[in-house]
Every structure is written in structure tokens, then in C-alpha cells.
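Here's the structure we're looking at; comments come further down.
Protein chains get the first letters and strands the later ones, always in sequence-line order, with residue 1 at the start of each.
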Amino acid sequence: MPELPEVETTRLGIEPLISGCRIARVELRVPKLRWPLDPRLPALLVGQSIRSVGRRAKYLLFYLDAGCLLLHLGMTGNLRVVPQSSPAAKHDHVDICFVDGRCLRFSDPRRFGALLFVPDQPLEHPLLSKLGPEPLSAELDGRYLYRRSRNRTLPVKPFIMDQQIVVGVGNIYASEALFMAGIRPGRAAGRISEKAYARLTEAIKQVLRAALAAGGTTFSDFRRVDGRPGYFKQQLLVYGREGEPCPRCAAVIVAIRLGQRSTFYCRRCQS
DNA sequence: AATCGCGCCTGACGGC
DNA sequence: TGCCGTCAGGCGCGAT
């Protein structure tokens, strides 16, 4: 599910509710998510307070008194803050319970999410150390994408979804940004001009900012911390709109598969 | 080094 | 009604 706007929406919703809270208990209800959960997790966390909640790429970082808890929402994960007395539903896999009676509840039907404790230097962790720049930072510009794409033959859509190139862009926003920039998703990344990459860069920033302002996109699973969906789905221009008229030229939006992922674009507006 | 395709899971949906 | 195949917003891994 979640791309950068959804993860950041989650972070913004959660941080004011849980920062400063001391952990009293941790309940693990499944043995593994993407990877086996460390059974020492409760012992490592109990007694510690959450100092702040950060984000790097699509990972949430819960900074503790000592160490950091790394959480990835996978495709279907979501976080809620609920009273500990509220009964756990089917896919509520982990509760981080605080001394005040509330808990942070991680739910993830497909269990592609991840949760691991990192004792120190979380940004140096192998999962984070090789990630590309944040898309909303100045580090991402047309020149950067142009430079990184030289001699690359893969299609530009999987290229911008590669987290080592730029983080936070998933399948939905990749289609949207390429439409906004007028670039066909199947074109080889290495054969796109610096000028076109400048347009693509601006499109990526624009769509991510707009989606963030709308609280993210809910296609099926994504929920904000308060349980409400994200409202950006209504503003999607091409994603999920196969057969509908292009919002710009009214030609029919087509769907193709690129790197085993559904991809939407307008044959007339994108070249 | 780059690229491709698989698999991890569950659930929803369409066709028969 | 049930069974089967396909698809879903991510990502790491192994093979080539």
C-alpha cells in the first residue's frame, strides 16, 4: 500500500500521540512478518520511552531512549493508537503498550511489513544505508536523475521506483508523475533527456506533496491513524483509470504491465 | 553491474 | 455455492 505520502501521513498522525510515552509491555501475536520477529523485542523495548518518530524512505523510525525501532508498513500495514482494552482483530499482529493504558497497534493482513530493533546508528543499517535521496529534498533534481540513468536500459518507471535511485515513489505515484511529465513509462531510462528528467522531477515532487496534503491515497487497505482513509484517490489522473478518457486530451487511458506491475498512461500525451 | 522474475502472505473479485 | 486463477500500493533475493 503505502508510498511516501501514506507513510508520512502515518508518521504525522502518530508522533503527537506517542512521543514521550513509556513502553510497559509488547505483545507479539505472530511469529513473523516479512522476517521472523525477534522474540527479545519485548525485553528490549519495555521501560523505554519513545522520544520521536522519524521517517527515512518508506520506513518509520521510532527513536527510543536507547536504540531505534524500524517499521515498514509493507503493502497493507497500518498503525493505530487504541486503548489496550480494545480487542485485537484478525490481523492485529503487534501491540506496543504504554504505561498510560493506550497502545500502538500494528495491523498488516499480508504481513509484508517489517519490525526490527536497531541498537544504534539506524541510518547505517543495511536496509537504509544504500537508499537514494528523499524525493522532496533538493538532492533530487533533473540533473541527478539524468546522471544516474545514463546507460540504463530498464524502463523509466521501474527506474524511478528503484529505492536506490530515489525513495518513496511506488507504483501509483510513478504512473501519475510520468503522466504529468508527458513521458511514456516504457521508455528506456538511459534514453531520456535531462530536460525531460527536470519535468519528471517536478512532477514527482508535485504529486507527492499533493497526495500528502490529501492524507495519502486509499485504494483498499490504507488507513490513517484515526481510521479515516486518504482522499487522494479522487485526484489520481491515470492510475486505475484504464478505459477512461485522459483528463488532458480525452484519449483512452491504457493499462500495460511493466516489471510485473500495472502501469497506466495516455498514448497521446506521453511520448 | 544490471536486469529479471520469484516469493513472501491474505483477501477480493471475476469466470465458470 | 464453490473452486480456480489473477490481481493488489513493496522489497529482498538468487539466477543469469
Side-chain angles (χ1 to χ4, degrees), chain A residues 1-10 29-37 55-60 70-79 89-94 106-116 125-132 135 148-178 185-191 204 207-208 211-212 214-224 229-243 255-264:
Chain A
M1 94 171 149
E3 307 181 41
L4 184 137
E6 292 74 34
V7 179
E8 183 65 10
T9 294
T10 299
R29 298 194 190 84
V30 288
K32 66 184 285 259
L33 296 170
R34 166 175 268 281
W35 297 293
L37 289 167
R55 180 189 60 74
R56 172 72 175 108
K58 299 174 192 172
Y59 289 88
L60 290 170
L70 227 59
L71 185 145
H72 196 295
L73 295 170
M75 294 248 283
T76 53
N78 66 80
L79 289 169
K90 187 166 182 189
H91 299 295
D92 295 343
H93 303 314
V94 180
F106 182 36
S107 176
D108 183 11
R110 284 177 72 183
R111 287 190 255 146
F112 286 178
L115 184 67
L116 54 154
H125 190 277
L127 288 170
L128 304 189
S129 64
K130 283 184 292 186
L131 293 170
R148 292 295 306 268
S149 62
R150 289 313 87 185
N151 301 321
R152 299 291 301 266
T153 58
L154 86 167
V156 61
K157 177 167 172 269
F159 173 72
I160 58 168
M161 289 171 65
D162 180 344
Q163 303 297 296
Q164 297 196 26
I165 299 300
V166 57
V167 303
V169 181
N171 200 41
I172 291 182
Y173 300 120
S175 276
E176 293 296 296
L178 287 162
R187 278 181 64 193
R191 302 192 57 187
I204 289 170
V207 71
L208 294 181
L212 185 53
T217 298
T218 295
F219 233 83
S220 51
D221 305 84
F222 177 67
R223 295 285 137 175
R224 304 193 221 184
Y231 296 120
F232 195 69
K233 185 178 176 185
Q234 300 148 253
Q235 294 178 58
L236 294 175
L237 301 171
V238 290
Y239 186 87
R241 299 197 182 275
E242 180 181 14
I256 58 170
R257 286 190 79 75
L258 226 43
Q260 294 89 245
R261 298 239 105 94
S262 54
T263 302
F264 301 85

If a protein heavy atom is under 4.0 Å from the base, mark B; if only from the sugar-phosphate, S; if neither, -; do that for nucleotides 8-14 of chain B going 5' to 3'. BBBS---
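- Pairing each heavy atom of Arg29(A) with each of Asp92(A), the nearest pair is NH1-O, 2.8 Å.
- Leu127(A) places its CG atom 13 Å from the C1' atom of dC13(C), with the value rounded to the nearest Å.
- Comparing dC7(C) with dG5(B), their P atoms sit 14 Å apart, to the nearest whole Å.
- Contact annotation: Thr76(A) side-chain N/O to dA8(C) OP1/OP2 distance is not under 4.0 Å.
- Taking the side chain of Leu154(A) as heavy atoms from C-beta on, and the options dC7(C), dG12(C), dC4(B), the nearest nucleotide is dC4(B).
- Rounded to whole Å, the distance from CG on Asn171(A) to P on dA8(C) is 8 Å.
- Taking only side-chain atoms of Tyr59(A), from C-beta outward, the nucleotide of dC7(C), dG12(C), dG10(C) with the closest atom is dG12(C).
- Contacts of Tyr173(A) with the nucleic acid, taken as non-hydrogen atoms under 4.0 Å apart, are absent.
- Rounded to a whole angstrom, the distance from the P atom of dC9(B) to that of dC3(C) is 23 Å.
- Side chain of Thr153(A) to main chain of Asn151(A): no donor-acceptor pair is present (N/O by atom type, distance under 3.5 Å, no hydrogens or angles).
- Atoms CD (Gln163(A)) and P (dG9(C)) sit 14 Å apart, rounded to a whole Å.
- Gly186(A) approaches Pro155(A) most closely through the heavy-atom pair O-CB, 3.8 Å.
- Residue Met161(A) contributes atom CE, which lies 12 Å from atom C1' of dA8(C) at whole-angstrom precision.
- The residue Arg152(A) sits close only to the backbone: its heavy atoms come under 4.0 Å of sugar-phosphate atoms, none of a base.
- Taking atom CD1 of residue Ile172(A) and atom P of nucleotide dC7(C), one finds them 17 Å apart after rounding to whole Å.
- dT3(B) and dG9(C) have their C1' atoms separated by 23 Å, given to the nearest Å.
- A pairwise comparison of heavy atoms in Ala177(A) and Ile204(A) identifies CB-CG1, 3.7 Å as the closest pair.
- Summarising the geometry of His93(A) relative to Asp108(A), their closest heavy-atom pair is NE2-O, 2.8 Å, with the distance given to 0.1 Å.
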Could you pull out all donor-acceptor pairs under 3.5 Å where a side-chain atom in residues 164-175 of chain A meets a protein atom, sequence neighbours excluded?
residue	atom	partner	partner atom	Å
Asn171(A)	OD1	Lys157(A)	NZ	2.5
Asn171(A)	ND2	Ser262(A)	O	3.0
Tyr173(A)	OH	Glu6(A)	OE2	2.6
Tyr173(A)	OH	Thr217(A)	OG1	2.6
Ser175(A)	OG	Phe264(A)	N	3.2

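- With respect to the salt-bridge test (charged N to carboxylate O, under 4.0 angstrom), the residues Glu8(A) and Arg55(A) qualify.
- Taking atom CG on Asp108(A) and atom P on dC11(C), their separation rounds to 13 Å, with Å as the unit.
- Across every non-hydrogen atom of Leu208(A) and Pro135(A), the tightest pair is CD1-CG, 3.5 Å.
- At a threshold of 4.5 Å between non-hydrogen side-chain atoms, the residues Phe159(A) and Arg148(A) count as touching.
- Residue Thr76(A) comes nearest to Arg110(A) through the heavy atom pair OG1-N, 3.0 Å, listed as atom of the first residue, atom of the second, then distance.
- Following rounding to the nearest Å, Gln164(A) (CD) and dA2(B) (P) show an atom-to-atom distance of 9 Å.
- With rounding to whole Å, Leu258(A) atom CG is found 13 Å from dG9(C) atom P.
- The side chain of Ser262(A) lies closest to dG9(C) when the candidates are dG5(B), dG10(C), dG9(C).
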Would you write out the dot-bracket form of DNA chain C, 5' to 3', with Watson-Crick and G-U pairs under 3.5 Å, [ ] for crossing pairs, | for pairs to other strands and . for unpaired bases? .|||||||.|||||||
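- Distances were taken from every side-chain heavy atom of Trp35(A) (C-beta onward) to each of dG9(C), dT3(B), dG12(C); the shortest belongs to dG12(C).
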